[in-house]
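Some notes on the structure that comes next.
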Number of protein chains: 2
Amino acid sequence: MTSTDRHLRADAARNRAALLAAAEAEFADRGLEASVADIARRAGIGKGTVFRHFPTKEDLLAAVVLDRVDDLAALARRLTAAADPGAALLEFLDAAADRQQQLDLSFLRESGEVNARLSESRARLFAQITVLVERAQAAGAIRTDITATDVILLMCAPNHVASFVPAAPAGLWRRYLAIIFDGLRPHGVRPLPTPPPEPGQVG
Amino acid sequence: MTSTDRHLRADAARNRAALLAAAEAEFADRGLEASVADIARRAGIGKGTVFRHFPTKEDLLAAVVLDRVDDLAALARRLTAAADPGAALLEFLDAAADRQQQLDLSFLRESGEVNARLSESRARLFAQITVLVERAQAAGAIRTDITATDVILLMCAPNHVASFVPAAPAGLWRRYLAIIFDGLRPHGVRPLPTPPPEPGQVG
DNA sequence: CCTTAACCGGACCGCCCGGTCAACTTGTTA
DNA sequence: TAACAAGTTGACCGGGCGGTCCGGTTAAGG
């Protein structure tokens, strides 16, 4: 997936793939305080090997997240051409919540300067979301007093809310996405009490 | 103001008060992974003294939280008698978000069996919220396909969402509370895709 | 004022974390 | 197949954590 195939030995490439898979699973299970040792054990490799491939735990996390962000950006781009912009935005938010299950935006908050590639991908994703939001607003599906930054911030709230129910039925987050999305619709809204945050302040 | 004044020496009482104040401040600043050593330093006492008053860091956290929960329950009780049930619920949610600024429900999630008094207080708070929600629904201010558990789960979402903006203007959470509350109102809603969680599953 | 028990504090313990390193193994290539 | 570079590994390090403990301190009561 990640195109760092610069003369990588066969076993090293295998280990790297296993490591990324294990890290993704472990971060999903235990959140972002999963230990590097556990990830290494899960991948069946030594801890030193982890740090050979990624100099820092944060870099490993960034690599895992990069794929998801790019994936999401691609989906957003596809949905830009959808016939119903309101439904497109909802579908995007649904996919976003579904894909990141556990991981919330906190990795994006931390990743200010950590990883240049991740920052770029994040910026592309945010740009696509902006298009989605503006189209939905132009179509009258979404209230006009919100910004794309608002949507980005609210994006992972459904997962977070549902995470407080330990034995949650699968897809409980859809319930809260529906409620929040209803709050984004323009039916009988009242003016918002606080101006939106600056777009650059999100990460 | 916890009434454990059972023959407590003067200096001990003073230290206990300072400790509680420092813990509240420190937990608010650094989140719930604030270290006991830092709290002790902030209170101007030794680390051993902390553990003399509270056998566990979790117990200290529970003591800090207990006041807020009782406080919130009292407010909810007061608002039960308000003329406009919809406005009362909104005011409650506003106060809840305002009071807990940083601390989210995670301490309530963890505190399953930790502290009996906290569990009782939490149950009382949840009961009051249920009354508030039902009254708002009876008045037609809130959609009828949501439950009090939904409201409890959504209660701290505004703070969490706003916390992703590092240099957030004061009260940014009000913006997201307004959006979410609009999603709770009965104007042109669509049916929710997932049944609500069991009330007992929250903590 | 003196005794005493309650209280205080910080050195200390065991644990786990992210990260390093030098000795060892293995894929590659000529 | 030989020889080397690339890769692997787990012991190890420094640091921070929650929690313990005992020698010194101090408020309280007669």
Side-chain angles (χ1 to χ4, degrees), chain A residues 2 4-27 29-65 106-107 110-115, chain B residues 2 4-27 29-65 103 106-107 110-111 113-115:
Chain A
T2 346
T4 320
D5 331 307
R6 180 111 186 132
H7 276 312
L8 204 58
R9 229 169 68 173
D11 57 343
R14 223 181 310 126
N15 281 340
R16 186 190 169 94
L19 168 57
L20 281 171
E24 181 165 359
E26 198 70 16
F27 281 131
D29 283 0
R30 306 260 261 255
L32 39 86
E33 78 258 355
S35 80
V36 174
D38 284 346
I39 293 173
R41 204 172 305 122
R42 187 159 185 158
I45 63 179
K47 199 169 59 153
T49 308
V50 176
F51 287 102
R52 159 166 277 266
H53 285 287
F54 301 96
T56 273
K57 181 189 178 183
E58 223 168 8
D59 288 311
L60 172 58
L61 178 60
V64 169
V65 158
S106 40
F107 49 74
E110 306 293 334
S111 67
E113 295 303 318
V114 173
N115 190 309
Chain B
T2 344
T4 320
D5 331 309
R6 180 113 185 130
H7 276 311
L8 204 60
R9 230 169 69 173
D11 57 343
R14 222 181 311 125
N15 281 341
R16 186 192 169 93
L19 169 56
L20 280 172
E24 182 164 358
E26 197 71 15
F27 281 131
D29 283 1
R30 306 258 263 255
L32 40 85
E33 77 258 356
S35 79
V36 175
D38 285 345
I39 293 173
R41 203 173 305 121
R42 187 160 185 158
I45 63 179
K47 202 170 58 155
T49 308
V50 176
F51 287 102
R52 158 165 281 267
H53 285 287
F54 301 95
T56 273
K57 181 190 177 182
E58 222 168 9
D59 288 311
L60 172 59
L61 178 61
V64 169
V65 158
L103 266 26
S106 40
F107 49 74
E110 305 294 334
S111 68
E113 295 303 317
V114 172
N115 190 310

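No hydrogens, no waters, no symmetry mates; every other heavy atom, side chains included, goes into these values. Naming convention: chains lettered A, B, ... in sequence-line order (proteins, then strands); numbering from 1 in each chain.
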query = A:His53 versus A:Thr49: any side-chain heavy-atom pair under 4.5 Å?
reply = yes
request  = Go through residues 34-42 of chain A and report each residue with a non-hydrogen atom lying under 4.0 Å from DNA chain C, sorted by number.
outcome  = A:Ala34, A:Ser35, A:Val36
query = Which atom pair, heavy atoms only, marks the closest approach of B:Ala34 to B:Glu26?
reply = CB-CG, 3.6 Å
request  = Check the distance between C:dG19's P and A:Lys57's NZ and give it to me in whole angstrom.
outcome  = 8 Å
query = Could you state the CZ-P distance from A:Phe54 to D:dT8, rounded to the nearest angstrom?
reply = 12 Å
inquiry  = Could you check whether any side-chain heavy atom of B:Val65 comes within less than 4.5 Å of a side-chain heavy atom of B:Phe27, counting everything from C-beta outward?
reply    = no
key: side chain to side chain contact (heavy atoms under 4.5 Å, CB included) against A:Ala21, all qualifying residues, sequence neighbours excluded   = none
ask   = Want to know the stems of DNA chain D: at least 3 consecutive Watson-Crick or G-U pairs with distances under 3.5 Å, which are they?
value = C:1-30 with D:1-30
request  = For the pair A:Asp29 and A:Arg42, evaluate side chain to side chain contact (heavy atoms under 4.5 Å, CB included) and give the outcome as yes or no after the intermediate values.
outcome  = CA-CA 12 Å; A:Asp29 283 0; A:Arg42 187 159 185 158; 3.2 Å; yes
request  = For B:Asp11, check side chain to side chain contact (heavy atoms under 4.5 Å, CB included) against everything at least two apart and list the hits.
outcome  = B:Arg9, B:Arg14
query = Any idea which heavy atoms bring A:Ala13 and A:Leu8 closest together, and the distance?
reply = CA-CD2, 3.8 Å
inquiry  = Please confirm whether the shortest side-chain N or O distance from B:Asn15 to OP1 or OP2 of C:dC7 is below 4.0 Å.
reply    = no
task = Apply side chain to side chain contact (heavy atoms under 4.5 Å, CB included) to A:Phe54 and list each qualifying residue two or more places apart in sequence or on a separate chain.
result = A:Arg16, A:Leu19, A:Leu20, A:Asp59, A:Leu60, A:Ala63
ask   = Would you say the side-chain atoms of B:Lys57 pair up with the backbone N or O of B:Ser35, donor to acceptor, closer than 3.5 Å?
value = no
task = Looking only at non-hydrogen atoms, find the nearest pair between A:Val64 and A:Ala23 and report the distance.
result = CG2-CB, 3.8 Å
query = So, for B:Ala43 and B:Ala18, which heavy atoms are closest and what is the spacing to 0.1 Å?
reply = CB-O, 3.8 Å
ask   = Whole Å only: how far is the CZ atom of A:Arg16 from the P atom of D:dT8?
value = 11 Å
request  = Give the B/S/- string for nucleotides 20-30 of chain C, one per nucleotide from 5' to 3', where a protein heavy atom under 4.0 Å of the base yields B, of only the sugar-phosphate yields S, and otherwise -.
outcome  = B-----BSS--
Length of the NE2-P vector between B:His53 and C:dA6, whole Å = 14 Å
Short side-chain N/O contact to D:dG18 OP1/OP2 from B:Thr56, under 4.0 Å = no
